[in-house]
Amino acid sequence: MTCGGWIGAVLAALVSLTGIPVAAQQAADAHSPEAGGAGALAISPGVAAALDAKADGRPVAARDWMLSVANPHAARAGARVLSSGGTAADAMVAVQAMLGLVEPQSSGLGGGAFLLWYDAQSGTLSTLDGRETAPMAATPRLFLGTDGTPLGFFEAVVGGLSVGTPGVPALMQAAHDRWGRLPWAGLFADAADLAERGFVVSPRLAGLVARDTDRLSVHPETAAYFLPGGAPLAAGDRLRNPAYARLLRVVARQGAGAVYSGPVAGDIVAAVRGAARPGLLSRRDLEIYKVKQRAPVCAPYRGHRVCGMGPPSSGGLTVAQTLRLLEGYDLAAMGPRSPRAWRLIGDASRLAFADRGLYMADSDFVPVPVKGLLAPDYIARRARLLTGEVALAEVAPGRPAFDHAGRRGPGETLTQPATSHISIVDSYGNALSMTSSIENAFGSRVMVRGMLLNNQLTDFSFRSHRDGRPIANAVAPGKRPRSSMAPTIVLRDGAPVLVLGSPGGSRIIGYVAQALIAHLDWGMNVQQAAAMGHLVNRFGAFDVERGTGAEALSGALTDLGYEVARRAMTSGLHMVAITPEGLRGGADPRREGVALGE
Ligand code: GLU
């Protein structure tokens, strides 16, 4: 099947199976190397309309509910739930079950996630932390070789050593227990049926498999699935996953607990311990796993409250710090093409990343100065560093008020993007923002019962100390690795107005901050904000997205003193705005995502 055939088939299926009009789709992965553009494809009228909308930067409009997620099958599964009276929590369960099948490289039941929930009835915002945990047998030396030096990134990733206790099944259950309305078991039916019938491999999945054949061939179950008969899956192939269908049916019947004890847990532990680089996960680690409900991290910005995920994610705090440092500058007047605006955004982000490296980690294990990092006097002190005219020559962490003294060494954590973001607003007015991940593309490459296990433990610092000081994000038993995931909900007068998030490793922070500025300062709608070319500065060099309008700023940024790196940047921003005129959805054109609403 051609790419066009694939897109057409999926969209035709969406319309015919659901009866839900496909208001728009973003099936083309126009910017990433692994998938061709959709422009030249033979397309149905519905797709043509959607592609026109995308090309024009028009968002999808709806009145009752809206979701924006990374794959059309997953959008359809969620849309069915929402259109039959389900809540955003119900829809998330159906979406996540489906993403584990059709976007297995990015997220699934073998991974972890963070979820923000705005509850319309109580008017409150809370978060659920379903991050993976390190095994109780892990030590700070987990990723050090026998000579005491850190393992290479992929040496650590591939195999059992990198696998943390999965949090996604427990998170799905916890969200459904609190906020679900429809029966749990029914939410898995679409994904289980499709897993049995088989789905058409998308160009994006095929491209990622082709680039990863060496690593996917290490473990027999993984190789048999992604490299059947030794050859990588091709776009258009029909892929069945009966083991995953059976797993979903067990979870549907018995609840998420079935993953954490009994035969499924036994199989997970056996796979990790029998993997190429055996890991330490035990049945006990699975039994004691807990989702944690935590307060969101919120910060004022332009009359809004921008709320995100606090530790163990660095996402909410680093986005909030970046925005707070910029609040004193009139970015709206400068506009999106202004080198001055980008100098300010770039250096605000660098200042926030310097603090992130030193202070942010799992606050259940190390003291993190959450309040101090956002305290107005501290922000004002740091913002004074931005008053010059050119790039800051050097950026160092600040000294926020710290209620438990802790002098630590700056950590460095490597991360490679493979994650998925889910934004949903339901007909009851609840809003859900969830970023879900197995860390690297295809995670640890260990597959069990049709699901890939995460490599999230490589989000810890491989080194435990620097210059004789402990690193906040070092490995410890039961600890959760620091994340960059930044599921976000923006409130105005206490009610949600914007739901967003993205994959992208530590660039997530820049993608989300930029989308917020694009929407709130520059007045872009959610589709324009999701599609805009990226400029991201984490550690000093400016990453400028290749092949986009962002490149026009390269010369000016070089003149301001930055090293500029042009590169592909595969974000996956999924956004829903709640406006007085109704709901508006945008899906990142760089991935296969789609916004659907009614
Ligand atoms: N593992 C990363 C994190 O939690 C996310 C990776 C990605 O976005 O692809 O920060």
Side-chain angles (χ1 to χ4, degrees), residues 32 34 69-70 99 103-108 110-116 127-134 143 153-154 156-157 162-168 171 204 208 211-212 308-319 352-353 356-357 360-362 411-422 433-444 452-462 472-473 475 479-488 500-513 515 534 536 538 543 568-574 588 590-591 593:
S32 70
E34 62 270 15
V69 303
L99 286 175
E103 202 197 25
Q105 73 277 8
S106 294
S107 76
F114 296 117
L115 181 153
L116 261 68
T127 81
L128 293 180
D129 166 359
R131 185 73 163 166
E132 296 88 337
T133 52
F143 294 121
F153 183 68
F154 280 109
V157 166
S162 63
V163 180
T165 311
V168 163
L171 179 77
R204 177 170 169 74
L208 290 169
R211 289 202 320 203
D212 204 60
M309 190 73 213
S313 189
S314 63
L317 266 174
T318 313
V319 168
F353 264 89
R356 171 183 178 273
M360 297 182 203
D362 183 349
E412 63 195 25
T413 308
L414 303 163
T415 186
Q416 302 276 337
T419 292
S420 206
H421 185 78
I422 301 169
S433 184
M434 168 167 155
T435 314
S436 184
S437 173
I438 57 170
E439 214 305 288
N440 198 246
F442 306 101
S444 62
L452 282 163
L453 298 178
N454 69 84
N455 67 296
Q456 212 68 248
L457 300 184
T458 61
D459 270 4
F460 282 117
S461 170
F462 284 21
N473 187 35
V475 186
K479 191 174 172 183
R480 300 176 183 215
R482 182 186 67 202
S483 170
S484 302
M485 295 193 286
T488 303
L500 77 160
S502 177
S506 60
R507 289 194 186 87
I508 289 173
I509 290 161
Y511 298 151
V512 168
H534 293 302
V536 175
R538 298 168 298 165
D543 294 332
M569 286 196 257
T570 315
S571 55
L573 283 155
H574 295 121
D588 200 314
R590 300 164 186 83
R591 299 203 180 207

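The figures that follow rest on heavy atoms only: side chains count, while hydrogens, waters and symmetry mates do not. Residues: numbered from 1 along the sequence shown. Counting convention: from 1, in listed order, for ligands and their atoms alike.
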Taking non-hydrogen atoms only, is [X] closer than 4.0 angstrom to ligand 1 via side chain, backbone, both or neither?
| X | answer |
| --- | --- |
| I508 | side chain |
| R482 | neither |
| R131 | side chain |
| T419 | both |

Q | D362: salt bridge (Lys or Arg N to Asp or Glu O under 4.0 Å) partners, not counting sequence neighbours | A | none

Roughly how far, to the nearest 0.5 Å, is [atom2] of [Y] from [atom1] of [X]?
| X | Y | atom1 | atom2 | value |
| --- | --- | --- | --- | --- |
| S106 | L99 | OG | CG | 8.0 Å |
| T318 | I508 | OG1 | CD1 | 11.0 Å |
| N440 | F153 | CG | CZ | 5.0 Å |

Q: State which residue, out of L452, I438, L208, fulfils the side-chain contact (heavy atoms from CB on, under 4.5 Å) condition with Q105.
A: L208

Would you mind running through ligand 1 and noting each atom that sits below 4.0 Å from a heavy atom of [X]?
| X | result |
| --- | --- |
| P503 | 8 (O) |
| G505 | 6 (C), 7 (C), 8 (O), 9 (O) |
| D459 | 1 (N), 2 (C), 3 (C), 4 (O), 10 (O) |
| Q456 | 1 (N), 2 (C), 4 (O) |

Q: Give a yes or no on whether the backbone of G167 and the side-chain of R131 come within a donor-acceptor separation of less than 3.5 Å.
A: no

(Q) H421 and side chain to side chain donor-acceptor pair (under 3.5 Å): which single residue from S433, S107, S502 fits? (A) S433

Q) Do any N/O atoms on G504 end up under 3.5 angstrom from N/O atoms on ligand 1? A) yes

Q.
On a heavy-atom basis, I'd like to know which of G112, S484, A441 is closest to atom 10 (O) of ligand 1.
A. S484

